[in-house]
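Written below as structure tokens is the structure these notes are about.
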Amino acid sequence: MHAPLLSRIRPRNIVVFRALQLGDMLCAIPSLRALRMRCPDAAITLVGLPWAAGLAARFPHYIDDFLAFPGFPGLPERAPDLSAIPAFVAEAQTRGFDLAIQMHGSGWLSNPVVALFGAARQAGFGQPDENGSCLPYPTRGSEVGRLLALMDHLGAPSSYRRLEFPLLSADHSELATSGIAFALAGRPYVCIHPGARDPRRRWPAQRFAAVADAVHALTGWTVVLTGSGEEKALTARVRQAMRAPAIDAASPISAGALAALIGGARLLVCNDTGVSHLAAALRTPSVVIFRCSELERWAPEDRTRHRCVMAPDDGTTDQGQAEVMRQLRGLLDRDAPAPTDRASA
């Protein structure tokens, strides 16, 4: 049986492939941290979706360089820019990577993509090989744990699972320029985030409105509705269904400015989407509502600070609202009993 790969080789130039969205990328930070601790002198390049250039720049202690991935036929994260693929592959090959690590997925298509990078060695998720470079993609456990299992397999073990999202002065400046911070006037507030990239993950707008009204009645906190610029119509529907006043902050601000807003909140209520991982990284208490995704895989690791409710669209009239309120009260009351993971929605 071979010793772990990183115990046998000393790569000086490593590329990591994970071209996914915000929440997926935040779940990878503990593994990038473990890789840096194991290879402190290596140059580590991240290949990610173009939006993630800013995320990579936020973690210079883990990531040294970034290559924007133009997409590839069969990978669903973005429509491939076919004309840009040859130049991207050529650029990757000129980097002379010693080791390419595939952290994108199971490997059925991502491994052939990573092979195009021309690295001297390739490792990551995939079918086991005689060199011990691949780990079959785990089918159980959290996303953070699955990625750390890969690092452990390669010889970069770590028990430090916490997410990170460093806030920069530019994030606070952008939030101030947007006018949202001025509207808050220093008052305590709760963020309600009704959107999600996948519409199937969205809890109904009227349910969010009812919860927002209830939180305002219980605490007196200002309600802030958050979302992207494309989600303005959704936050407007929530606002129209509410009785309490609310600030509609859905706008095309950056992930950093949104993080500054969530980081200052007393509480976040959201669907299973990227902002739930921002809240986990920033230690903002949250209630996360799951509709069709895997709670075990995507729930925050800290189930005391972050409460999870399974509320599938099963045609019932309640759809988990009572359980969402129970978990909210649990966060507001330090003496509340330990949370459960599932609700009978």
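The side-chain hydrogen bond (donor to acceptor under 3.5 Å, both in side chains) search around Ser286 returns His306, not counting sequence neighbours. Under the side-chain contact (heavy atoms from CB on, under 4.5 Å) criterion, Pro138 pairs with Phe125, Arg146, sequence neighbours left out. Applying the side-chain hydrogen bond (donor to acceptor under 3.5 Å, both in side chains) criterion to Ser31, with sequence neighbours excluded, gives no partner residue. Contacts of Arg283 classified as salt bridge (charged side-chain N to carboxylate O under 4.0 Å, His left out), with partners at least two apart in sequence or in another chain: none. Evaluation of the side-chain contact (heavy atoms from CB on, under 4.5 Å) rule for Arg161 yields Ser142, Val144, Leu148, Glu301 as partners, not counting sequence neighbours. Residues passing the side-chain contact (heavy atoms from CB on, under 4.5 Å) test with Ala42 are Ile14, Cys39, sequence neighbours excluded. Take Gln127 and apply the side-chain contact (heavy atoms from CB on, under 4.5 Å) test, not counting sequence neighbours, and it matches no residue. Remark: Asp272 engages Ser293 in a side-chain hydrogen bond (donor to acceptor under 3.5 Å, both in side chains) (not counting sequence neighbours). Not counting sequence neighbours, the partners of Arg297 by the side-chain hydrogen bond (donor to acceptor under 3.5 Å, both in side chains) test are Tyr137, Glu143.
Annotation: side chain of Arg291 is not in contact with side chain of Pro312 (no heavy-atom distance under 4.5 Å). Contact annotation: the side chain of Val16 never approaches that of Thr45 to less than 4.5 Å [non-hydrogen atoms, C-beta and beyond]. Pro30 places a side-chain heavy atom less than 4.5 Å from the side chain of Leu163. Annotation: side chain of His61 is not in contact with side chain of Arg36 (no heavy-atom distance under 4.5 Å). Residues Leu268 and Pro285 form no side-chain contact, since every pair of their non-hydrogen atoms from C-beta on lies 4.5 Å or further apart. Under the 4.5 Å side-chain criterion, counting only non-hydrogen atoms from C-beta, Ile44 is in contact with Leu35. Considering only heavy atoms from C-beta on, Leu328 comes within 4.5 Å of Val215 through its side chain. Between Thr284 and Leu278 the shortest side-chain heavy-atom distance does not fall below 4.5 Å.
With Asn13 contributing its side chain and Asp98 its backbone, the two residues share no donor-acceptor pair below 3.5 Å. Although no hydrogens or angles enter the test, the distance criterion places a donor-acceptor pair under 3.5 Å between the side chain of Arg18 and the main chain of Asp24. With hydrogens and angles disregarded, no donor-acceptor distance shorter than 3.5 Å links the side chain of Arg303 to the backbone of Cys308. With hydrogens and angles ignored, the 3.5 Å screen pairs a side-chain donor or acceptor of Asn271 with a backbone N or O of Pro194. Side chain of Gln327 to backbone of Val324: no donor-acceptor contact under 3.5 angstrom is found. Thr273 contributes no side-chain N or O that, together with a main-chain N or O of Val275, makes up a donor-acceptor pair within less than 3.5 Å. Listed for the Asn131 side chain is no donor-acceptor partner under 3.5 Å among the backbone atoms of Ser133. Looking at Arg266, its side chain never comes within 3.5 Å of a backbone N or O of Pro188 through a donor-acceptor pair. Remark: the backbone N or O of Cys292 is not paired with any side-chain donor or acceptor of Arg200 at under 3.5 angstrom. Checked by atom type and distance alone, the side chain of Arg95 never pairs as donor or acceptor with a backbone atom of Ala92 at under 3.5 Å.
No side-chain donor from either of Ser169 and Asp171 sits under 3.5 Å from a side-chain acceptor of the other.
Residues Gly320 and Val309 share a closest heavy-atom pair of O-CG1, 4.1 Å. Between Gly23 and His277, the closest heavy-atom pair is CA-CD2, 3.4 Å. The two residues Pro60 and Asp64 have their closest heavy-atom pair at O-OD1, 4.3 Å. For Ala280 against Pro300, the heavy-atom pair with the smallest separation is CB-CB, 4.3 Å. Residues Arg202 and Gly195 share a closest heavy-atom pair of CG-C, 4.2 Å.
A salt bridge between Lys232 and Asp248 is present, with a side-chain N of the basic residue lying under 4.0 Å from a carboxylate O of the acidic one. With respect to Arg33 and Glu164, a salt bridge is recorded, a charged nitrogen being found less than 4.0 Å from a carboxylate O.
Taken together through direct or relayed side-chain contacts under 4.5 Å among Ile, Leu, Val, Met, Phe, Trp and Tyr, Leu258 and Val269 form parts of separate hydrophobic clusters. Residue Phe72 is grouped with residue Phe97 when hydrophobic side chains (ILVMFWY) are merged at heavy-atom distances under 4.5 angstrom, including chains of intermediate members. Taking hydrophobic clusters as Ile, Leu, Val, Met, Phe, Trp and Tyr residues chained together by side-chain heavy-atom distances below 4.5 Å, Trp298 does not share a cluster with Phe165. Under the 4.5 Å side-chain heavy-atom criterion for grouping Ile, Leu, Val, Met, Phe, Trp and Tyr, Val287 is not connected to Ile262 through any hydrophobic cluster. The cluster map of Ile, Leu, Val, Met, Phe, Trp and Tyr, joined by side-chain heavy atoms under 4.5 Å apart, puts Ile180 and Leu234 in different clusters.
Heavy atoms of other residues, nucleotides or ligands lying less than 6.0 angstrom from CZ of Arg10 number 12 at most. Heavy atoms from other residues, nucleotides or ligands lying under 6.0 Å from CZ of Arg78 number more than 12.
Within the structure, ring pair (Phe, Tyr, Trp, His ring centres under 6.0 Å) contacts touching residues 169-202 (residues at least two apart or in different chains) do not occur. For residues 236-246, the set of pairs meeting the salt bridge (charged side-chain N to carboxylate O under 4.0 Å, His left out) definition, not counting sequence neighbours, comprises Asp213-Arg243.
Taking CZ of Arg201 as the start and CZ of Phe290 as the end, the distance is 8.5 Å to the nearest 0.5 Å. Going from atom CD of Gln321 over to atom CE of Met325 covers 8.0 Å, rounded to the nearest 0.5 Å. Atom OG1 of residue Thr177 and atom CD of residue Glu174 lie 7.5 Å apart, to the nearest 0.5 angstrom. Taken from CG in Leu32 to CE in Met37, the straight-line distance is 13.0 Å, to the nearest 0.5 Å. Distance check: Leu5 CG to Leu99 CG gives 6.0 Å after rounding to the nearest 0.5 Å. Note that the CH2 atom of Trp51 and the OG atom of Ser254 stand 11.0 Å from one another [nearest 0.5 Å].
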Indicate every side-chain donor-acceptor pair of residues 114-124 with a distance under 3.5 Å to a residue at least two apart or in another chain.
from, atom 1, to, atom 2, distance (Å)
Gln122, OE1, Ala115, N, 3.4
Gln122, NE2, Asn111, O, 3.1

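Using a 30° and 60° split on the angle between ring planes, Phe59 and Tyr62 fall in the parallel class, below 30°. Ring-plane geometry between His104 and Phe17 is classed as parallel, the angle between the planes falling under 30 degrees on a 0 to 90 degree scale with a further cut at 60.
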Evaluate the criterion side-chain contact (heavy atoms from CB on, under 4.5 Å) for residue pair Thr235 and Thr226; output intermediate values, then yes/no. CA-CA 7 Å; Thr235 55; Thr226 60; over 6 Å; no
As a quick check of understanding, evaluate salt bridge (charged side-chain N to carboxylate O under 4.0 Å, His left out) for Arg38 and Asp152, giving each step before the final call. CA-CA 10 Å; Arg38 185 65 181 83; Asp152 184 66; over 6 Å; no
